[in-house]
Amino acid sequence: MKKFLKSLLLCSFLAISFIYLTGCSEDDPGPQLTGDTKTYDLNSVSNPAVNGTVTFAQRDDDQVLVTIQLAGTQSGNTHPAHLHANSAAEGGGIVLDLTAVNGATGKSETVVKALNDGTTLTYDDILAFDGYVNVHASASDLGTLIGQGDIGQNELSGDEKVYPLAVVSNPDISGTATFAKRINGETLVTVSLNGTTDGGVHPSHIHANSAAKTGGIVIDLSDIDGTTGIGRTNIAALNDATPITYEELLNFDGYLNVHLSATEIGALIAQGDIGQNELTGDNKIYTLQPVANPAVTGTATFAKRKNGTTLVTVALTNTTPGASHSSHIHAKTIAEGGSIVINLNNVDGTTGKARTSVTKLNDVGTTIGAPITYEELLNFNGYLNVHVGSSFVAQGDIGQNELTGVSKTYTLNSVSDPAISGTAIFAKRKNGNTLISIALQ
């Protein structure tokens with residue numbers, strides 16, 4: 001009996017001690033999760049096999065349970081984890097140490113009530129926090145990341161716009177620039193290139209105006225890593241500190257350049273129009289016929305921009321390397337002849353190409369040229385000339401003067417000289433008018 005009472009007293013003492021130390025009892029199980037949670041992705045960094053999530057769960061004692069769960073980690077490894085200030089693209093110092101991730105389970109749990117400096121951190125604070133989470137390879141290799149993800153106000157909303165980046169100096173390099181909206185209205189710009197060289201470092205920028213018109217740098221972007229082909233930049237303002245939102249960037253008058261290196265800024269490896277200068281996919285191709293040299297032929301492509309203006313691209317074959325050929329749009333038809341109404345950029349004889357952003361007619365004296373849209377150009381009474389000295393390299397009717405392909409050929413019989421005969425071709429224009437071409441032998 002004494003032994004039984006002694007055991008009962010010991011058990012009672014242990015139970016009371018547990019309640020005193022934990023504040024818990026059978027009726028009070030301690031802090032509980034409220035059910036409010038927020039999960040963010042942790043993306044692969046150095047190892048594509050490792051990725052996962054970080055979940056912030058609210059507790060009823062105003063503390064937060066932070067759970068990292070990774071797939072692809074290995075038993076025996078331990079991976080330090082931290083919460084950093086700013087976005088991952090900007091980088092920032094550690095503001096909160098998290099429990100290291102166990103490689104065997106891929107899991108880490110940390111109960112959080114304050115940042116490292118003692119600043120209180122609630123669940124609601126985390127949802128609006130300007131930060132990101134890093135998971136490192138090891139304590140001795142903090143420079144290598146195996147997982148990373150933006151959190152709080154830096155979370156991506158899911159809205160994004162992808163712009164193609166075209167080949168420039170190297171035909172093997174091309175890619176995209178993805179503009180992704182954050183919930184705070186800022187933009188994550190990710191440039192991704194194919195064909196770059198390991199170890200290369202390629203500066204990149206957003207410039208004012210279109211690529212055909214060119215303009216100064218307005219936003220510095222992060223350098224592109226030649227090994228990965230990737231560069232990420234968080235954009236909240238222009239270089240002059242003017243704030244700019246995601247929506248404003250999608251309507252910005254600009255273009256994006258990627259340069260070969262800091263010492264060779266003049267050499268471009270990729271380029272693309274962005275914002276209001278984006279090409280819609282609507283275009284019209286006109287044939288340019290040879291004039292002085294029958295071997296030189298080509299096309300003029302009129303492409304519509306998002307803002308309603310036009311990118312005119314002249315592309316000729318068999319031009320002379322090193323030569324430069326002025327080009328213009330003229331009023332009326334080739335058969336009639338007419339004055340220059342739109343100056344185009346010179347055609348480079350080496351590439352056979354020229355690109356011009358057309359927004360208006362030429363200024364005449366003190367009179368500013370009238371604006372002209374893509375649709376108006378497709379109905380314009382004009383033709384296009386590419387010059388070589390006082391002669392022409394190539395030319396073609398455009399707009400309403402375009403030939404429809406409908407034609408009728410009439411035979412012209414000999415009269416006074418039996419050796420002379422020929423044809424008369426009546427060709428229909430888009431505007432219903434007729435081009436008559438007489439050819440005699």
Side-chain angles (χ1 to χ4, degrees), residues 283-303 310-356 358 361-362 372 374-441:
N283 63 59
K284 178 68 181 177
I285 300 174
Y286 296 103
T287 300
L288 299 179
Q289 302 291 349
V291 183
N293 183 347
V296 178
T297 61
T299 59
T301 301
F302 289 30
T310 311
L311 172 64
V312 176
T313 303
V314 174
L316 300 180
T317 60
N318 299 316
T319 51
T320 304
S324 181
H325 305 288
S326 58
S327 60
H328 315 89
I329 292 176
H330 295 248
K332 302 181 180 179
T333 66
I334 295 172
E336 295 171 289
S339 60
I340 295 170
V341 290
I342 300 174
N343 292 324
L344 302 177
N345 291 326
N346 288 359
V347 176
D348 181 349
T350 303
T351 63
K353 292 184 178 180
R355 296 189 301 164
T356 309
V358 175
L361 303 181
N362 288 349
I372 188 165
Y374 172 79
E375 285 77 15
E376 289 169 338
L377 265 180
L378 295 197
N379 286 293
F380 190 69
N381 180 15
Y383 65 100
L384 192 151
N385 269 348
V386 181
H387 304 262
V388 53
S390 59
S391 185
F392 303 113
V393 177
Q395 63 182 188
D397 286 309
I398 65 162
Q400 62 178 264
N401 298 321
E402 178 189 15
L403 296 177
T404 64
V406 177
S407 66
K408 177 69 177 178
T409 302
Y410 296 97
T411 300
L412 299 180
N413 298 310
S414 301
V415 182
S416 60
D417 187 339
I420 298 176
S421 63
T423 57
I425 301 174
F426 287 39
K428 183 179 180 181
R429 297 191 188 276
K430 177 182 175 181
N431 59 11
N433 294 342
T434 308
L435 170 66
I436 300 177
S437 300
I438 295 175
L440 298 179
Q441 294 100 32

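Bear in mind that the values here come from a model prediction, so they are computed numbers and not experimental data.
Without hydrogens or angle criteria, Thr404 side chain to Val406 main chain gives a donor-acceptor distance under 3.5 Å. No donor-acceptor distance shorter than 3.5 angstrom exists from the side chain of Asn345 to the backbone of Ala354, with no hydrogens or angles considered. Checked by atom type and distance alone, the side chain of Tyr410 never pairs as donor or acceptor with a backbone atom of Phe426 at under 3.5 Å. Although no hydrogens or angles enter the test, the distance criterion places no donor-acceptor pair under 3.5 Å between the side chain of Ser327 and the main chain of Val386. With Thr333 contributing its side chain and Glu336 its backbone, the two residues share a donor-acceptor pair below 3.5 Å.
What you find for Ile398 and Tyr286 is that their closest heavy atoms are CA-CE2, 3.8 Å. Contact detail for Thr297 and Pro290: the closest heavy-atom pair is CG2-CD, 3.7 Å. Summarising the geometry of Leu384 relative to Ala300, their closest heavy-atom pair is CD1-CB, 3.9 Å, with the distance given to 0.1 Å. When every heavy atom of Ser414 is checked against every heavy atom of Ala419, the shortest pair comes out as OG-N, 4.4 Å.
Side-chain atoms of Leu311 and Arg355, non-hydrogen and from C-beta on, do get closer than 4.5 Å to each other. Under the 4.5 Å side-chain criterion, counting only non-hydrogen atoms from C-beta, Val314 is in contact with Leu316. Between Ile329 and Leu344, some side-chain heavy-atom pair lies under the 4.5 Å cut-off. Two residues are said to be in side-chain contact when any heavy atoms from C-beta on lie closer than 4.5 Å; Lys430 and Leu378 meet this criterion. Using a 4.5 Å cut-off on side-chain heavy atoms (C-beta onward), Val296 and Thr317 make no contact.
Legend: residues meeting side-chain hydrogen bond (donor to acceptor under 3.5 Å, both in side chains) with Thr287, ordered by chain and number and at least two apart, are absent.
For residues 378-405, every residue pair satisfying the salt bridge (Lys or Arg N to Asp or Glu O under 4.0 Å) rule, not counting sequence neighbours, is listed here: Lys284-Glu402, Asp397-Arg429.
Once rounded to the nearest 0.5 Å, the distance linking CD1 of Ile372 with CZ of Phe380 reads 5.0 Å. Taken from OG in Ser421 to CG in Leu412, the straight-line distance is 8.5 Å, to the nearest 0.5 Å. Atoms CG and OG1, on Asn343 and Thr356 in that order, are 9.0 Å from each other to the nearest 0.5 Å. Note that OH of Tyr383 and NE2 of His328 are 11.0 Å apart. Values are rounded to the nearest 0.5 Å. Separating the NE2 atom in His330 from the CG atom in Asn385 is a distance of 4.0 Å, to the nearest 0.5 Å. The line from CG of Asn362 to CD1 of Ile342 is 7.0 Å long, rounded to the nearest 0.5 Å.
Between His387 and Phe392, the ring planes lie tilted relative to each other; the angle falls in the 30° to 60° range.
For the residue pair Ser324/Asn346, the side-chain donor-acceptor check at 3.5 Å is satisfied. Side-chain N/O atoms of Asn318 and Asn293 include no donor and acceptor closer than 3.5 Å.
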Indicate every side-chain donor-acceptor pair of residues 431-441 with a distance under 3.5 Å to a residue at least two apart or in another chain.
residue : atom : partner : partner atom : Å
Asn431  : OD1  : Asn433  : N            : 2.9
Asn431  : ND2  : Gln400  : OE1          : 3.0

Stepwise, does the side-chain contact (heavy atoms from CB on, under 4.5 Å) test hold for Val393 with Val291? CA-CA 5 Å; Val393 177; Val291 183; over 6 Å; no
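Surrounding NZ of Lys353 are at most 12 heavy atoms belonging to other residues, nucleotides or ligands under 6.0 Å away.
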